[in-house]
Participant: 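What follows is a single structure, and I will ask about it in a moment.
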Amino acid sequence: MIEKIKGFRDFYPEDMLVRENLFGTMRKCARLFGFLPIDYPSLELLDLFRTKSGDELLSQTYSFTDKGKREVTLIPEATPSTVRLMGSRKDLPRPVKWYSIPKLWRYEEPQSGRTREHSQFNADIFGDSSPEADAEIIGLACETLESLGLKGSFEVRINHRQIMEKIMNMLGTKDLVAGLNIIDRYRKETRENMLEELTQNLGSSKNAGLLIEFLSDKSKASEIAKTIHKHFPSLDLSELVKGIDETIRILESWGYSNLVFDPATVRGLTYYTGIVFEGFDINGKYRSIFGGGRYDNLTGLISGQDMAAVGFGMGDAVLENLLREKELWVIPRERSRYLIIPMKEETRKYALELAGSLRKSGVDCSTMNNVKSLSNSLKSASSGLYTHAIIVGPKEMETGKVTVRDLSSGNQEEKRMDEIH
RNA sequence: GCCGGGUUGGGGUAGUGGGUAUCCUUGGGGACUGUGGAUCCCCGGACCCGGGUUCAAUUCCCGGACCCGGCCCCA
């Protein structure tokens, strides 16, 4: 027996039926918001990811040199490929709204909610820098989770990169990127470590203390201005706050709740330029369900043409953890699956003919291809693969009707073929 | 890359420095000849891998792989 590769997953029908439904919901929601599907290779030149990231990310790619001596990698994220597609089609009317559900790979130690191969629902809007576009992106993420039955089970933590940059600069940061990186670890570190690292970064323990007070002040999203003013009364960020306020107002008008302003959400990636956000389960038990933000400069780096862009990614692993916890990881109620049971040898051919015509009319069915006692046949039929059994014996052949048995209730009735669906 | 805990048929388990490795379940076959999705009978299937200690290792020791979880990092 050959083992499968570490950190990769097999999926059996009982999970695939749920997963297909999950991805179906994502596609349906994307289309509701006016996004169109794209896809791209699983393998790309490593250079595509060099552009925007440092050695750290590159060391965590599933990469190798191919037979043509090219450095290639299984794609670790969706955005660079999406941007590459965007850059090759300068004829498209904007805004461009695309979604995809690629498999992504990362060479890291697997742990809860993180595997080496996962699927990620990804959506982006290009060429629209408005607060409305930000709202559409976050709204799509929210709508997807709500469609899955998670309304009220998650919150969206929202922040803005430029707000944080202004604050960090005011507090005297010596290294903005490093500073944001420290903030990104806020919920994982002890207060002492935070204070020490931020004091180092800001060169002032007083300012580090002020910043920590601010970081811990998660508030309602509608009160961003108030919260910032409370901590930094001298700072005027009204222009920036205006945009993010508008985004939040739109989201609330669409009925999405549990939006919070969280100064500690900054996202690790360096390329974000505007709004940033992450979705978490309300108990904070899992890693982020989705995350994203505005990255107006990245398209320029990859495609040579600057373009506004905002997007998010939502992985399947954490989502599955959460759905299982909420007992929502269930095979959806769907179309019936019939098993046609021939009672006698002489009815086998009839059973096959029946299957043929049922399929022509769009009914999912299989035939049992051997003849056993009826109780044994029903036992086989009740393995969970089928919702109904169709019993055909000499009697049915004569009358032209069949006996249809509901395998969950045990009820059965005589039906004409055109009554089966 | 680092740290902790695991690993016995497909799934769940019992047990042991020595003989045919336990039980349940699932799977296959049969009896039972149109409704007991039962019952009964039969069959298949496992000690993660490598090295060491030992007369003898599934069992003890070391290493590795994989699984679960944590760190780092987060796309």
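All figures in this text were calculated on a predicted structure; none of them were measured in a lab. For the numbers below, each heavy atom of this structure counts, side chains included, while hydrogens, waters and symmetry mates do not.
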Participant: Any N or O donor-acceptor pair linking the side chain of A:Q120 to the base of B:A75 at under 3.5 Å?
Facilitator: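 No pair found.
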
Participant: Give a yes or no on whether a salt bridge exists between A:R416 and A:E419, defined as a side-chain N under 4.0 angstrom from a carboxylate O.
Facilitator: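 Judged by the 4.0 Å cut-off on N to carboxylate O distance, A:R416 and A:E419 do form a salt bridge.
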
Participant: Quick check: on RNA chain B, is the nucleotide nearest A:K344 upstream (toward 5') of the one nearest A:K372, or the reverse? Name the residue that is more 5'.
Facilitator: A:K372

Participant: Measuring centre to centre across the rings, with the benzene-like ring taken for any Trp, is A:F121 within less than 6.0 Å of A:F312?
Facilitator: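 Yes, they do, as the ring centres are separated by less than 6.0 Å.
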
Participant: Tell me the interatomic distance from A:I182, atom CD1, to B:C73, atom C1', rounded to whole angstroms.
Facilitator: 15 Å

Participant: Suppose we define a pair by two distances each less than 3.5 Å, Watson-Crick or G-U wobble; what does B:U58 pair with here?
Facilitator: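 Per the H-bond distance test, none.
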
Participant: Is it true that A:R267 and A:E278 have a side-chain N and a carboxylate O under 4.0 angstrom from each other?
Facilitator: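 Yes, A:R267 and A:E278 are salt-bridged.
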
Participant: Inspect the contact between A:E197 and A:R185 and indicate whether a charged nitrogen and a carboxylate oxygen are less than 4.0 angstrom apart.
Facilitator: yes

Participant: Taking the side chain of A:P76 as heavy atoms from C-beta outward, which of B:A65, B:C73, B:A75 is closest to it?
Facilitator: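 Output: B:A75.
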
Participant: Salt bridge check: are A:E109 and A:R114 linked by an N-O gap of less than 4.0 Å?
Facilitator: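 Here A:E109 does not pair with A:R114 in a salt bridge, since their nearest N and O are not under 4.0 Å apart.
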
Participant: Could you measure between the two P atoms, the one in B:A56 and the one in B:A14, and give it in whole Å?
Facilitator: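 That atom pair is separated by 30 Å.
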
Participant: Are A:D66 and A:R70 within salt-bridge range, i.e. N to O under 4.0 Å?
Facilitator: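 The answer is yes: the pair qualifies as a salt bridge.
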
Participant: Starting from the C-alpha separation in whole Å, work towards a yes-or-no answer on side chain to side chain contact (heavy atoms under 4.5 Å, CB included) for A:L43 and A:L74.
Facilitator: CA-CA 5 Å; A:L43 205 60; A:L74 287 167; 4.1 Å; yes

Participant: Between N or O atoms, less than 3.5 Å apart, protein on one side and nucleotides 3-12 of chain B on the other: list the pairs.
Facilitator:
none

Participant: Which part of the nucleic acid, if any, lies within reach of A:G393 when heavy atoms closer than 4.0 Å are counted: base, sugar-phosphate only, or nothing?
Facilitator: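 The answer is base, as A:G393 lies within the cut-off (heavy atoms under 4.0 Å) of a base atom.
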
Participant: Starting at CD of A:E77 and ending at P of B:C73, how long is that distance when rounded to a whole Å?
Facilitator: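 It is 18 Å, rounded to the nearest whole Å.
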
Participant: Taking CD from A:E117 and C1' from B:A75, how many angstroms apart are they, rounded to a whole number?
Facilitator: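 Computing the A:E117:CD to B:A75:C1' distance gives 15 Å.
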
Participant: Ignoring backbone atoms, establish whether A:R267 has a side-chain N or O less than 4.0 Å from OP1 or OP2 of B:A75.
Facilitator: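 True: A:R267 side-chain N/O within range (under 4.0 Å) of B:A75 OP1/OP2.
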
Participant: Rounded to the Å, how far apart are A:L46 CG and B:A75 C1'?
Facilitator: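 Distance check: A:L46 CG to B:A75 C1' gives 14 Å.
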
Participant: Using the P atom as the point on both nucleotides, what is the distance between B:C3 and B:U8, in whole Å?
Facilitator: 24 Å

Participant: Between B:U22 and B:C47, how far is it from one C1' atom to the other, in whole Å?
Facilitator: 13 Å

Participant: Less than 4.0 angstrom from a charged side-chain N to a carboxylate O is my criterion; do A:R19 and A:D316 meet it?
Facilitator: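 The answer is yes: the pair qualifies as a salt bridge.
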
Participant: Holding to ring pair (Phe, Tyr, Trp, His ring centres under 6.0 Å), I want the full list of residues that pass it with A:F280, two or more places apart in sequence or in another chain.
Facilitator: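 Per chain and number, A:F280 pairs via ring pair (Phe, Tyr, Trp, His ring centres under 6.0 Å) with no residue.
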
Participant: Pairing check on B:C23: which nucleotide meets the Watson-Crick or G-U wobble criteria with it, both distances under 3.5 Å?
Facilitator: B:G12

Participant: So which of residues 4-18 of chain A are in contact with RNA chain B, with a heavy-atom cut-off of under 4.0 Å?
Facilitator: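 A:K6, A:G7, in order of number.
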
Participant: Under 4.0 Å between a Lys/Arg side-chain N and an Asp/Glu carboxylate O for A:R84 and A:E44?
Facilitator: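 Yes, A:R84 and A:E44 are salt-bridged.
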
Participant: Only pairs with both distances under 3.5 Å count, Watson-Crick or wobble alike; so what is the partner of B:C40 in this structure?
Facilitator: B:G30

Participant: With rounding to the closest Å, how many angstrom separate the P atoms on B:G4 and B:C62?
Facilitator: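 Taking atom P in both B:G4 and B:C62, they lie 12 Å apart.
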
Participant: Rounded to whole Å, please give me the gap between CZ in A:R106 and P in B:G1.
Facilitator: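 After rounding, the gap between these two atoms is 17 Å.
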
Participant: Would A:D262 and A:K218 pass as an ion pair if we require N to O under 4.0 Å?
Facilitator: no

Participant: P atom, B:G37 versus B:G45: distance in rounded Å?
Facilitator: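 Each nucleotide's P atom is 31 Å from the other's.
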
Participant: For B:U39 versus B:U26, give the span between their P atoms, rounded off to a whole number of Å.
Facilitator: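 The answer is 10 Å between these two P atoms.
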
Participant: In whole angstrom, give me the gap between the C1' atoms of B:A75 and B:U16.
Facilitator: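 It works out to 50 Å between them.
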
Participant: Under a 4.0 Å threshold between the charged nitrogen and the carboxylate oxygen, would A:R348 count as salt-bridged to A:E346?
Facilitator: no

Participant: Between B:G12 and B:C48, how far apart are the two P atoms, rounded to whole Å?
Facilitator: 14 Å

Participant: Who are the side chain to side chain donor-acceptor pair (under 3.5 Å) partners of A:D39, not counting sequence neighbours?
Facilitator: none

Participant: Output all residues satisfying ring pair (Phe, Tyr, Trp, His ring centres under 6.0 Å) with A:Y338, sequence neighbours left out; order by chain, then residue number.
Facilitator: A:H388

Participant: Measure from CG on A:L104 to P on B:C73 and round the result to the nearest Å.
Facilitator: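 It is 21 Å, rounded to the nearest whole Å.
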
Participant: If each of A:R116 and A:E414 is mapped to the nucleotide of RNA chain B with the nearest heavy atom, which maps nearer the 5' terminus, i.e. the 5' end?
Facilitator: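 Counting from the 5' end, the first nearest nucleotide belongs to A:E414.
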
Participant: Just how far, in rounded Å, is C1' of B:C74 from CG of A:D184?
Facilitator: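 Nearest whole value for this atom pair: 8 Å.
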
Participant: What string of B, S and - do you get for nucleotides 35-41 of chain B, 5' to 3', if B is base contact, S is sugar-phosphate-only contact and - is no contact with any protein heavy atom under 4.0 Å?
Facilitator: B-BB---

Participant: Whole Å only: how far is the NZ atom of A:K285 from the C1' atom of B:G70?
Facilitator: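 Taking NZ of A:K285 and C1' of B:G70, I get 16 Å after rounding.
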
Participant: When both hydrogen-bonding distances must be under 3.5 Å and the geometry is Watson-Crick or G-U wobble, what is B:G4 paired with, if anything?
Facilitator: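 In the structure as shown, B:G4 has B:C68 as its Watson-Crick or wobble partner.
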
Participant: Does any donor-acceptor pair link the side chain of A:R114 with the base of B:C73 at a separation under 3.5 Å?
Facilitator: yes

